[in-house]
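What follows is a single structure, written as C-alpha cells, with notes after it.
The sequence lines fix the lettering, A, B, ..., with proteins before strands; numbering per chain opens at 1. What's counted below: heavy atoms across the whole structure, side chains too, no hydrogens, waters or symmetry copies.
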Protein chains: 2
Amino acid sequence: MSLIFSRQCEYALQAVLYMSAQSEKRFTNINEISERLDIPMPFLGKTLQLLVRSKILSSQKGPKGGFKLAKNPSEIALFHIVDAIDGTYFMTSCVLGFPECSSKSPCPVHSEWGVLRDRVHQMLANRTIADISKEITDSKQLRAKLGLL
Amino acid sequence: MSLIFSRQCEYALQAVLYMSAQSEKRFTNINEISERLDIPMPFLGKTLQLLVRSKILSSQKGPKGGFKLAKNPSEIALFHIVDAIDGTYFMTSCVLGFPECSSKSPCPVHSEWGVLRDRVHQMLANRTIADISKEITDSKQLRAKLGLL
DNA sequence: TAAGATTCAGATAGAAATGTCTGATATATG
DNA sequence: CATATATCAGACATTTCTATCTGAATCTTA
C-alpha cells in the first residue's frame, strides 16, 4: 500500500487539530480524544508523548490533566507535527528508491518529483494550526468531522 | 516513517526500468536484475509475478527464460506499475486519515491536497517506460544507476 | 530424452509498525 | 493526607510488510 504519512502521524495530526478547537487553557485528555476521533487510546498516548518531547504539546498528570498546545497555534505548522512523528526522510529520499539519487546523479524522475515534493513541503509548512483552527470554528462540517458539536 | 510507495513497489519500478533498457526480445532473469539493482532475489521474483498477472510483463521458464515487457513501452505508464503493486488507495484516501473525507465533507486540507495529489497522478500517468527508456539510453549516469554499463 | 535452468506456488521466517497491558509517577480535590 | 485521575515508561502482543525456503512445473539445449 502506498501512503504519505504513517498511521501514527495521521493520529497526531487529527489529535492536534482536535485540541486546537478547544479553549486554549484547557487540558484535553486522551480518553476524550480517542473516543471522538476513534483512535486506540494507549497508542494515542504514546503518540502525544512524542509531541510533548518535541515541545509541540505540553501535558499535565492527574485530574483535570491532559494535553494542550505548548505554543501559539500560529507557530505550529503541520510540518512540525509530521517531522516530530515521521521525520523528514520523505523530503530527501528518492521516490523510486534508488539509494544514491541526487541532483548530481538523478533518477529518471528526480527533478519532476522534486518539484512536487517541494509543493507538498510548502503546503505543510505554510498551513498552521492557527488558520486551520479558525476554519474549524467557522465550519459546522469540520467540527462534525472532528467529533465536536 | 512517511513514504510514498512501498518498498516492493520501488523494486518493481526499478526492475521495469532496468528491463526497458534491454533489447526488446530478450528475457531478463531475476538473478541478473537482483544483482544489478541489489534487490533480494526471491522477493523480486514474487514482485515480478504480480506484474505478469497484471499483464505488464510476460515471463518464460527455463534456460534463456526470464521476464520482459508484455506490451509496447509507450503503453506502460509508471502509474500502471504503481497500481499493480500498491493499488490506488493513495489517490482517494484522506491525507490526514479521516475515514470519511470527500468533497462533500472535506478535511481542512482536502482541496489543497487534492491538487497536489492530482499532479502526482498526472506525472505518474504521463511518464511512460518508453520515454524514460530513451533517457536512460542517452545518459551514462542513468545507465550506471541501473547497474548497466 | 535427459539435464540443467528458470519461473511459479505455497509455506515459513524475520522485521517493522501498530496496538495492548501493567504498574509507576504526578496532580487536583475532598 | 488519602483518593481518584491522569500521564508516563517499559514490556508485551498482534498485524502487516519484507524476505527466505522448498519443491513443482516448464522450457532450452545438448
Non-hydrogen side-chain atoms of A:I129 and A:I81 separated by less than 4.5 Å:
yes

Taking for each residue the nucleotide of DNA chain C with the nearest heavy atom, is it A:R7 or A:G62 whose nucleotide lies nearer the 5' end?
A:R7

Have a look at A:P40 and say if it touches a base, only the backbone sugar-phosphate, or nothing, with a 4.0 Å heavy-atom cut-off.
sugar-phosphate

So which nucleotide from D:dA19, C:dT20, C:dT27 ends up closest to the side chain of B:F43?
D:dA19

Taking only the side-chain nitrogens and oxygens of B:S59, find out if one of them lies under 4.0 Å from OP1 or OP2 of C:dT6.
no

Counting just side-chain N and O atoms, does B:Y11 come under 4.0 Å of either OP1 or OP2 of D:dT18?
no

In Å and rounded to the nearest 0.5 Å, what is the NZ to OG1 distance from B:K68 to B:T28?
10.0 Å

Candidates C:dA5, D:dT7, C:dC8 - which lies nearest the side chain of A:I30
D:dT7

A:K46 (side chain) and D:dA9 (base): donor-acceptor pair under 3.5 Å:
yes

Could you tell me how far apart A:N31 (CG) and D:dT7 (C1') are, to the nearest whole angstrom?
13 Å

Would you indicate whether the side-chain heavy atoms of A:E10 and B:L96 approach each other to under 4.5 Å?
no

Does a nitrogen or oxygen in the side chain of A:R53 sit under 4.0 Å from OP1 or OP2 of D:dA9?
yes

Should A:R143 and A:E135 be marked as a salt bridge (Lys or Arg N to Asp or Glu O under 4.0 Å) after you check the CA-CA gap, both sets of side-chain angles, and the distance that decides it?
CA-CA 9 Å; A:R143 293 204 301 284; A:E135 277 188 36; over 6 Å; no

Among D:dC21, C:dA9, C:dA26, the one nearest any side-chain atom of B:Q49 is C:dA9

Please classify the nucleic acid contact of B:F67 as base, sugar-phosphate, or nothing, using heavy-atom distances under 4.0 Å.
sugar-phosphate

